[in-house]
Enquirer: 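Dumping the structure here so I can ask a few things about it.
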Amino acid sequence: MGEESAFRQEFPVTGGDFARAGKVSCEIKNLAKELGLSDRVVRRVAIASYEAEMNIIMYAREGRLNLSITPDRVRIIVEDSGPGIEDIELAMTEGYSTATPEMRELGFGAGMGLSNMKKNADIFEISTEVGRGTRLEITFLTNGQRA
Amino acid sequence: MLTLKELQRLLSGELLTPETNTDMDCSEIFASDLMSDVLAFMHPGSILVTGQVNTHVIRTACLADVAAIVFIQGKRPDDAVMEEARLHSLPIISTSCSMFEACSRISRFIPDGG
């Protein structure tokens, strides 16, 4: 199975929609499970996807997660129309956060999101433009392993 | 090994999901109100002890493979949150213990949290 026959699905996420937060990631987790990925990979994908979904909800107007799965890897491309990130190095620092009190009351915005996505991924790429948005490419190598 | 049933007794807690299995192993515990920390640091299969009672806790629990949740300070989630917990077959215990008291009691059996 090549790139062209990979499993693909797009999941739109609306900024500020805290009520639905996590729904997309639950769907992605279930899909990864159904496609027979190992528990370890499923959990890494679920956590990174949730962090990405929360970031769109907390900071952007709208965005989407594009999931693609081939026998060798899972990839989530996250694109949002948001404020962008001024200083990526600072934003990647554990504990650095620009979250509002409302976000913190829900237990989020502790400044772990980007670094946690990177920790769970095998390849993590980020590009951003201030005032326009952010794009993340999160790749998990599965080496064809199945549960 | 500490089972969920034993954990419930230890915390004088109430099992809010009587239909769930209480024989599961509870030898790893993670206590936090920060879902960010649950996502970043918790081992899969742990019991989550928390003072947060919103739906995000349930979704975080499902995504990060939490085995069961203990709500402290006598907190009880509302119907919508409980509905979501049942949907995911997630055992829920409510205890009147504070976070410190809950952790202190558990630590007599699991000194380092597992």
Side-chain angles (χ1 to χ4, degrees), chain A residues 13 17-33 37-55 57-58 65 76 92-99 102-121 147, chain B residues 24-25 28-73 75-90 92 94 99 102-103 114:
Chain A
V13 179
D17 188 1
F18 285 94
R20 281 188 54 81
K23 294 251 182 198
V24 158
S25 306
C26 285
E27 268 186 68
I28 289 178
K29 183 179 185 181
N30 288 338
L31 276 168
K33 251 191 212 170
L37 294 164
S38 71
D39 288 350
R40 193 172 162 272
V41 170
V42 168
R43 186 170 190 267
R44 287 164 62 209
V45 168
I47 287 179
S49 145
Y50 192 29
E51 297 277 17
E53 183 184 355
M54 282 310 295
N55 271 2
I57 290 168
M58 291 196 288
L65 273 64
I76 303 172
M92 293 292 299
T93 309
E94 291 185 5
Y96 175 80
S97 174
T98 55
E102 185 202 7
M103 300 167 190
R104 290 174 199 262
E105 269 172 31
L106 292 172
F108 292 95
M112 299 302 299
L114 287 173
S115 58
N116 198 24
M117 283 182 235
K118 189 176 177 182
K119 188 175 96 182
N120 280 286
Chain B
M24 67 167 67
D25 178 18
E28 278 200 274
I29 308 283
F30 192 87
S32 183
D33 287 349
L34 274 178
M35 296 305 107
S36 302
D37 279 357
V38 174
L39 292 172
F41 303 117
M42 192 202 73
H43 292 159
S46 298
I47 306 299
L48 174 64
V49 184
T50 186
Q52 292 268 11
V53 284
N54 53 49
T55 46
H56 302 288
V57 176
I58 308 295
R59 291 187 199 151
T60 302
C62 294
L63 289 160
D65 299 334
V66 166
I69 303 177
V70 175
F71 290 119
I72 53 155
Q73 307 280 33
K75 293 184 188 184
R76 299 172 76 97
D78 63 24
D79 290 348
V81 174
M82 284 307 300
E83 186 56 39
E84 193 140 343
R86 282 192 199 97
L87 194 69
H88 296 287
S89 309
L90 197 59
I92 307 282
S94 174
M99 181 70 105
C103 293

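These numbers come from a predicted model, not from an experiment.
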Enquirer: Specify the closest pair of heavy atoms between A/L106 and B/M35, including all atoms of both residues, with the distance to one decimal.
Expert: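 Closest approach of A/L106 to B/M35: O-CG, 4.0 Å.
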Enquirer: Rounded at 0.5 Å granularity, tell me how far NE2 in B/H56 sits from CE in A/M54.
Expert: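 Output value for this atom pair is 6.0 Å.
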Enquirer: Taking side chain as C-beta onward, heavy atoms only, is B/D65 less than 4.5 Å from A/K29?
Expert: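 When only atoms from C-beta onward are counted, A/K29 and B/D65 do touch, with a gap below 4.5 Å.
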Enquirer: Does any backbone or side-chain atom of A/E105 lie under 4.5 Å from a heavy atom of chain B? Answer side chain, backbone, both or neither.
Expert: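 Contact with chain B involves the backbone of A/E105 alone.
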Enquirer: Specify the closest pair of heavy atoms between A/R43 and B/M42, including all atoms of both residues, with the distance to one decimal.
Expert: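 That closest heavy-atom pairing would be NH2-O, 2.9 Å.
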Enquirer: Please indicate whether A/K119 has more than 12 foreign heavy atoms, meaning atoms of other residues, nucleotides or ligands, lying under 6.0 Å from its NZ.
Expert: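 Enclosed.
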Enquirer: More than 12 foreign heavy atoms under 6.0 Å from CG of B/D79: is that the case here?
Expert: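 12 or below, so no.
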Enquirer: How long is the gap from CG on B/D33 to CZ on A/R104, to the nearest 0.5 Å?
Expert: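 Between atom CG of B/D33 and atom CZ of A/R104 there are 14.5 Å.
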Enquirer: Shorter than 4.5 Å, heavy atoms on both sides: which option in A/A21, A/S25, A/C26, A/G22 has the most such pairs with chain B?
Expert: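 Winner by heavy-atom pair count: A/A21.
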Enquirer: Could you tell me which non-hydrogen atom of A/G109 sits nearest to which non-hydrogen atom of B/S36, and how far apart they are?
Expert: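 Answer, listing the atom of A/G109 first, then B/S36: N-OG, 3.6 Å.
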Enquirer: Restricting to non-hydrogen atoms, name the atom on B/R59 and the atom on A/A19 that form the minimum distance, rounded to 0.1 Å.
Expert: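 What the structure gives for the nearest pair is NH1-O, 2.9 Å.
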Enquirer: Measuring from A/E53:CD to B/L63:CG, what's the distance to the nearest 0.5 Å?
Expert: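 If we round to the nearest 0.5 Å, A/E53:CD and B/L63:CG are 8.0 Å apart.
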Enquirer: What part of B/T60 gets within 4.5 angstrom of chain A, counting heavy atoms only: side chain, backbone, both, or neither?
Expert: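 Both parts, backbone and side chain.
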